[in-house]
Amino acid sequence: MSSEKAQLTHLKQILINLISGAMGGVACVVSGQPFDTAKVKMQTFPTMYRGFVDCAVRTYHAEGLRGLYHGTTPALLANVAENAVLFACYGFCQSLVSSCLGLQDPSQLSDWHKATAGSLASVFSSLALCPTELVKCRIQTQHEMRLSGHKDIPQKSTPWSVVRAIMSSEGIPGLFRGLSSTWLREIPGYFFFFGGYELSIDILSQRQSSKDLPGALVVTVSGGVGGACFWLSVYPVDSVKSRIQVLSSAPHSKGFMVSLLHILRTEGFYPLYSGLMPTVVRAFPSNAALFLAYEMTKRTLTDYCCAPI
């Protein structure tokens, strides 16, 4: 009976993390989508815009306010799917790491051990993220693809029409174009993401134990720090990934290493950081919103599930 109760408790915790992560994903997209649109445009076409403001203004004049919110639907799907899986697996990976280290409870893990658990969790969340982010990137850069001479790009596309086009030309594997690049970004990126978050929590709250719950302000600031750490650590990899996913719709697309060497040989090092400013500006509020929504939802659901009936 105690074994069944332990399994039920474990299942409840997974569901709480899953729902809380999904709510965090929604908060992340709502607070930062225009910045993400500018980032993808500047990464894929670094010579087309002088900077973030130029990109935002020209996008607004060419496509209206909707242009800055292109890809919102797949972005929501991407972030909800990624963060739901990420935080559900994060709890499991914390238990796995603590078991490997011979610790009795995940609360005994250091910040660096939790960062390792976050890195492991990203292996699974990338599988949910890659197809939806591929669709998002292609929708966000349709205007620039037409300007650069790709005449077969339709004037208007929906997420479903992009998925149909990929499936008809490449099949299911086409939806996972850029998966290796996604792993190269996510695995080290989430080490710094969770490491920066947990370390910031400890510094700001000066808690005596990891079981002590930090306040909303500390969670908000620490979430922003975690997001900034993520992008500052892996941005060049993300730039290559964006190009692979957008330009894979064109013939003769290349893999990660070939694309990276081609960029370095023909354009230099600087284009790998094109769009960094709007990304870091977006990272702080959007990831602050992500962690705040995650922590508050998790506490609410935990209190509800633990309340006597």
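As the structure is a prediction and not an experimental result, all values here were calculated from the model.
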Closest approach of [X] and [Y], non-hydrogen atoms and distance?
X      : Y      : value
Phe284 : Val225 : CE1-N, 3.7 Å
Ser222 : Ser200 : OG-OG, 3.1 Å
Met48  : Asp54  : O-OD2, 4.4 Å
Glu133 : Ala78  : N-CB, 4.1 Å
Thr37  : Leu68  : OG1-O, 2.9 Å
Ile166 : Leu175 : CG2-N, 3.8 Å

Side-chain contact test, heavy atoms from C-beta onward, threshold under 4.5 Å: evaluate it for [X] versus [Y] and give yes or no.
X      : Y      : result
Arg243 : Pro46  : yes
Lys298 : Phe87  : no
Ser122 : Ser125 : yes
Leu86  : Glu186 : no
Phe35  : Lys39  : no

Output the distance between atom [atom1] ([X]) and atom [atom2] ([Y]), rounded to the nearest 0.5 Å.
X      : Y      : atom1 : atom2 : value
Phe192 : Ser233 : CZ    : OG    : 5.5 Å
Met23  : Leu292 : CE    : CG    : 11.0 Å
Ile14  : Ile19  : CD1   : CD1   : 12.0 Å
Asp202 : Asp111 : CG    : CG    : 4.0 Å
Lys136 : Thr73  : NZ    : OG1   : 12.5 Å
Leu276 : Leu232 : CG    : CG    : 6.0 Å

Are [X] and [Y] in one and the same hydrophobic cluster, where Ile, Leu, Val, Met, Phe, Trp and Tyr link if side-chain heavy atoms are under 4.5 Å apart?
X      : Y      : value
Ile201 : Ile203 : no
Leu260 : Leu184 : yes
Leu96  : Val123 : no
Val53  : Tyr60  : no
Leu77  : Leu129 : no

Donor-acceptor pair, Thr220 side chain versus Ala288 backbone, under 3.5 Å?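 Not at all, since once roles are kept as given, no pair shorter than 3.5 Å links the two residues.
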Is the side chain of Ser98 donor-acceptor paired with the backbone N or O of Ser95 at a distance under 3.5 Å, no angle test? yes
Donor + acceptor pair across side chains of His262, Ser259 (<3.5 Å): no
Between Leu179 and Phe256, is a side-chain contact (heavy atoms from CB on, under 4.5 Å) present by the stated rule, with each step listed? CA-CA 10 Å; Leu179 178 60; Phe256 179 82; over 6 Å; no
Could you go through Phe291 and Phe193, starting from their C-alpha distance and side-chain angles, then the distance that decides it, and tell me whether this counts as ring-ring contact (aromatic ring centres under 6.0 Å, His included)? CA-CA 11 Å; Phe291 269 106; Phe193 182 73; 5.2 Å; yes
Where do Leu109 and Leu101 land on the side-chain contact (heavy atoms from CB on, under 4.5 Å) test, with the steps shown first? CA-CA 9 Å; Leu109 292 173; Leu101 294 172; 4.0 Å; yes
Could you go through the side-chain contact (heavy atoms from CB on, under 4.5 Å) check for Leu264 and Phe269 one step at a time? CA-CA 6 Å; Leu264 291 172; Phe269 194 70; 3.8 Å; yes
Name the one of Phe194, Tyr294, Phe124, Tyr197 that satisfies ring pair (Phe, Tyr, Trp, His ring centres under 6.0 Å) with Tyr90?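 Filter result, single survivor: Phe194.
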Could you give me the CA-CA distance, side-chain angles and deciding distance for Thr116 and His113, then say whether side-chain hydrogen bond (donor to acceptor under 3.5 Å, both in side chains) is met? CA-CA 5 Å; Thr116 302; His113 293 147; over 6 Å; no
Criterion salt bridge (charged side-chain N to carboxylate O under 4.0 Å, His left out) on Arg185 and Glu82, from CA distance to verdict: CA-CA 14 Å; Arg185 180 192 71 180; Glu82 180 195 18; 5.1 Å; no
Does any pair with a residue in residues 20-31 pass side chain to side chain donor-acceptor pair (under 3.5 Å), and if so which ones, sequence neighbours excluded?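 Found none.
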Test side-chain contact (heavy atoms from CB on, under 4.5 Å) on Asp238 and Val234 and set out the steps. CA-CA 7 Å; Asp238 185 66; Val234 296; 5.6 Å; no
Please list, chain by chain and in numerical order, all residues satisfying side chain to side chain donor-acceptor pair (under 3.5 Å) with Thr300, sequence neighbours excluded.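 Partners of Thr300 under the side chain to side chain donor-acceptor pair (under 3.5 Å) test: none.
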Please name all residues satisfying ring pair (Phe, Tyr, Trp, His ring centres under 6.0 Å) with Tyr69, sequence neighbours left out, ordered by chain then number. none
